[in-house]
Asker: 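Before we start, here is the structure in question, set down as structure tokens.
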2 protein chains.
Amino acid sequence: MVVDGIADETGDIVDRLFHALADGTRRDILRRCVRGELSVSRLAAAYPMSFAAVHKHVAVLERAGLVTKERRGREQLVRTDPDAVGRARRALDELESAWRARVDRMSGLLAEDDDGGGGPRAPDLRENTTKGPDG
Amino acid sequence: MVVDGIADETGDIVDRLFHALADGTRRDILRRCVRGELSVSRLAAAYPMSFAAVHKHVAVLERAGLVTKERRGREQLVRTDPDAVGRARRALDELESAWRARVDRMSGLLAEDDDGGGGPRAPDLRENTTKGPDG
DNA sequence: CTAACGTACAACCAAATGGTTGTAGATGGG
DNA sequence: CCCATCTACAACCATTTGGTTGTACGTTAG
């Protein structure tokens, strides 16, 4: 039971998502590429770093599913995926709901006033099955 | 007055926030520490890595403002900050609203069919003033 | 065809990450 | 007091990251 397709090997995807967001230049690229009219070269011109560096940033965003590229002639137009933020938000929601569930369970235990060993003891809750902490 | 605490040197903070979230072990720690009853040692016992490694993960979470530590005797209890997810969500909101504003502005331009220099022309939109791309 | 432009990728480098072990201070229990 | 436990931190190591330069390739313009 993988909740929603989120929990199997999703750790990788969530890792990439948050990692991609954890850089100011990349967040800035995201903001600039909503209209999808910017080529990688044009983007690169906006930053005090080489074309290759910006190209790598775009690649990171692409692997995280935050942008897509569309070729127009010899240019490659970068566009921010409209659903991208939604996906990030869902990752946060999952995190939040997981611990909201914990709080709820705790409330339940307090009501029952017994926890000796019978209660539903928070089974696993982890997401990482492949590269996770219990690898 | 830095808007809301978000926009001055916040790039750093947002960096730390997303970076902290970009690791499965750390997200797992967050889930486990909602009730705040777990000491670092007890946490460490849950992962196939050394105490020192888990200690570092907790430090990363702490620097990102995602957990707090409270000393109880010789133990240090880790607790997930309830507002933490809210902060992450706000960072996403900011990202989203930034580009929603862009889209709105674009729509506005299409309607007005003129932009000579009168309208509120997307002042800056960037967050990084210190270490940002335009450093 | 040739030149210019835009992209892609490889090789290289410094710094940060994520892990290890070892050691040193606090704190609480017998 | 002495010992076990928990925490904290330093030193070290391998890998990744974020940047560089250089080069090769495809496409468009002249």
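To find a chain, count down the sequence lines: A is the first, B the second, and so on, and within it residues start at 1.
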Asker: Send over the distance from A:R72 CZ to C:dT7 C1', rounded to a whole Å.
Answerer: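 From A:R72 CZ to C:dT7 C1': 15 Å.
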Asker: If the sugar-phosphate is the primed atoms plus P, OP1 and OP2 and the base is the rest, what is the B/S/- string for nucleotides 11-19 of chain D, using protein heavy atoms under 4.0 Å?
Answerer: B------SB
Asker: Do B:R26 and B:V60 come within less than 4.5 Å of each other through their side chains, counting heavy atoms only?
Answerer: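 Yes, at least one pair of side-chain atoms sits under 4.5 Å.
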Asker: Mind jotting down which residue pairs meet the ring pair (Phe, Tyr, Trp, His ring centres under 6.0 Å) criterion with at least one end in residues 53-93 of chain A? Sequence neighbours excluded, please.
Answerer: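 Non-adjacent pairs meeting ring pair (Phe, Tyr, Trp, His ring centres under 6.0 Å): A:F51-A:H55.
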Asker: What pairs with B:R71 under side chain to side chain donor-acceptor pair (under 3.5 Å), at least two apart in sequence or on another chain?
Answerer: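 With sequence neighbours excluded, B:R71 shows a side chain to side chain donor-acceptor pair (under 3.5 Å) to no residue whatsoever.
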Asker: How many Å lie between CG on A:L38 and C1' on C:dT7, as a whole number?
Answerer: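 In whole Å, C:dT7 C1' lies 16 Å from A:L38 CG.
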Asker: Among residues two or more places apart or on two chains, list those pairs meeting ring pair (Phe, Tyr, Trp, His ring centres under 6.0 Å) that have a residue in residues 60-92 of chain B.
Answerer: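 Passing the test, one end in residues 60-92 of chain B: no pairs.
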Asker: Is the side chain of B:R87 donor-acceptor paired with the backbone N or O of B:G65 at a distance under 3.5 Å, no angle test?
Answerer: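 Checked: pair present.
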Asker: Among residues at least two apart in sequence or on other chains, which ones pass side chain to side chain contact (heavy atoms under 4.5 Å, CB included) with B:A52?
Answerer: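 Applying side chain to side chain contact (heavy atoms under 4.5 Å, CB included) to B:A52 gives B:S50.
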Asker: Closest heavy-atom contact between B:C33 and B:V78?
Answerer: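 Here B:C33 and B:V78 meet closest at CB-O, 3.6 Å.
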Asker: N/O contacts under 3.5 Å, protein versus nucleotides 3-8 of chain D?
Answerer:
{"residue": "D:dT7", "atom": "OP1", "partner": "B:V40", "partner atom": "N", "Å": "3.2"}
{"residue": "D:dT7", "atom": "OP1", "partner": "B:Q76", "partner atom": "N", "Å": "2.9"}
{"residue": "D:dT7", "atom": "OP2", "partner": "B:S41", "partner atom": "N", "Å": "2.6"}
{"residue": "D:dT7", "atom": "OP2", "partner": "B:S41", "partner atom": "OG", "Å": "2.2"}
{"residue": "D:dA8", "atom": "OP2", "partner": "B:H55", "partner atom": "NE2", "Å": "3.0"}
{"residue": "D:dA8", "atom": "OP2", "partner": "B:K69", "partner atom": "NZ", "Å": "3.3"}

Asker: Check B:D28 with B:R32, please: is the shortest side-chain N to carboxylate O separation under 4.0 Å?
Answerer: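 Yes.
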